[in-house]
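Notes follow once the structure below has been shown.
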Amino acid sequence: MEAPCVRVRPQSGEETREALADAGVLDADLDITVDDGWLYLPVADPDGVPERFDVVTHDVPVREGQTMPADILGFEPSYERLGDVVILREDDPERAREIADAIVASDVKARTVVNEASKVKGVERTRDWDVLARADDADGDEGDADRSCTETVHREYGCAFELDVAEVYFSPRLATERHRVVEQVEAGEHAFDMFAGVGPFAIPMAKRDAAVVATDINPDAVGYLKQNARRNGVADRVTALCGDVRELADDYEGWADRVVMNLPKTASDFLDVAVELAGDECVLHLYDIQHEDDPFGPGETAIRDAAEPAYGVEIETEHVVRSYAPHELNVCIDARLTRL
Ligand SMILES: C[S@@+](CC[C@H](N)C(=O)[O-])C[C@H]1O[C@@H](n2cnc3c(N)ncnc32)[C@H](O)[C@@H]1O
């Protein structure tokens, strides 16, 4: 099952296990696992993990003796974890209810179980959820009574993101893609995240010592973004602004070495803004949804139309992030603009 884990090289395994045991944060219900040259040590309390360790979400086996939802249901249900909120994507409400009950009755640690009740919608890209189970009801924990049952803290590549799944967009499935972009960031560069959400690009970019400006039109997302910048110790390097990026960008004309444009389907409409932000040399990361027959052509043409002839355009990478719908792909184009 997916769980927060400390990720280290095997040679530091024993020393790390002892440090985590001393801190009282190891998850005794899950087994330590090795994958692709890394050791994953599951932790029950990610907030208590000493700062020097990287906390990531990873698939780890359950220790024998634990009851899992599949043991109760007789089939393996599909679910995702966002912090301690468990997400189902079931069309059939009865099946969703059955799975939620099994999750609550199992040894999976879940505060809330929700089922998708709409597609992402509106300019803020949020969705409706049916809340099927909440631990606060069962344990009468008054400390949590004021907190929305859909609010949680999710961990990704050593950063912690507080968010409310009902108020903001966040997809844990994009973790690897975000990490791919973040790894390109160099200390001291100026990075502008146009559609920042709660900060899953902006905050790790700031952790690599970039100066980051992050904008979002959703006030709840910007509230969490500011909080997450503080939580991850990068508030001094993240300027979080709420509003339409088209109106906020004027103050940053010619400022950016890198622009992240993660608003699939409509990001291309903002390429003129990205070019306005670009300095003499600037990398754009343009996310797009296109038909599988020509996934990159329209985005590439749109970038050239917006940037040439003021800039030379070099396409550095084009790749499929994931499939989005039948015959439709979510893609990313990385393009380097050089002022001519
Ligand atoms: C697909 S989400 C991406 C969020 C974040 N980058 C992530 O990976 O989780 C797109 C975000 O763009 C924001 N947005 C939409 N239109 C905007 C605009 N014109 N200016 C600024 N933000 C906008 C939405 O509120 C939403 O949070």
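Whatever order the structure lists ligands and atoms in, that order sets their numbers, starting from 1.
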So, H190 and D257: side-chain donor and acceptor under 3.5 Å apart, yes or no?
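No, D257 and H190 have no side-chain donor paired with an acceptor closer than 3.5 Å.
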Determine the interplanar angle of the H154 and F170 rings, folded into 0 to 90°, and report it as parallel if under 30°, tilted if 30 to 60°, perpendicular if over 60°.
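Perpendicular: the ring planes of H154 and F170 meet at over 60°.
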Ring geometry between W255 and F192 (parallel below 30°, tilted from 30 to 60°, perpendicular above 60°)
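The rings of F192 and W255 stand perpendicular, inter-plane angle above 60°.
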Quick test of your reading of the model: are R180 and E177 salt-bridged, counting only N-O distances below 4.0 Å?
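A salt bridge is present here (some side-chain N lies under 4.0 Å from a carboxylate O).
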For ligand 1, find each of its N or O atoms that sits under 3.5 Å from a protein N or O atom, and tabulate the pairs with distances to one decimal place.
from: ligand 1; atom 1: 6 (N); to: F195; atom 2: O; distance (Å): 2.8
from: ligand 1; atom 1: 6 (N); to: N262; atom 2: OD1; distance (Å): 3.1
from: ligand 1; atom 1: 8 (O); to: R178; atom 2: NH1; distance (Å): 3.0
from: ligand 1; atom 1: 8 (O); to: N262; atom 2: OD1; distance (Å): 2.9
from: ligand 1; atom 1: 19 (N); to: D244; atom 2: OD1; distance (Å): 3.0
from: ligand 1; atom 1: 20 (N); to: V245; atom 2: N; distance (Å): 3.0
from: ligand 1; atom 1: 22 (N); to: I217; atom 2: N; distance (Å): 3.1
from: ligand 1; atom 1: 25 (O); to: D216; atom 2: OD1; distance (Å): 2.7
from: ligand 1; atom 1: 27 (O); to: D216; atom 2: OD1; distance (Å): 3.3
from: ligand 1; atom 1: 27 (O); to: D216; atom 2: OD2; distance (Å): 2.7

State yes or no: are the ring centers of Y169 and F195 separated by less than 6.0 Å?
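Centroid distance Y169-F195: not below 6.0 Å, so no.
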Is the backbone of G299 close enough, under 3.5 Å, to the side chain of S268 for a donor and an acceptor to pair up by distance?
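Not at all, since once roles are kept as given, no pair shorter than 3.5 Å links the two residues.
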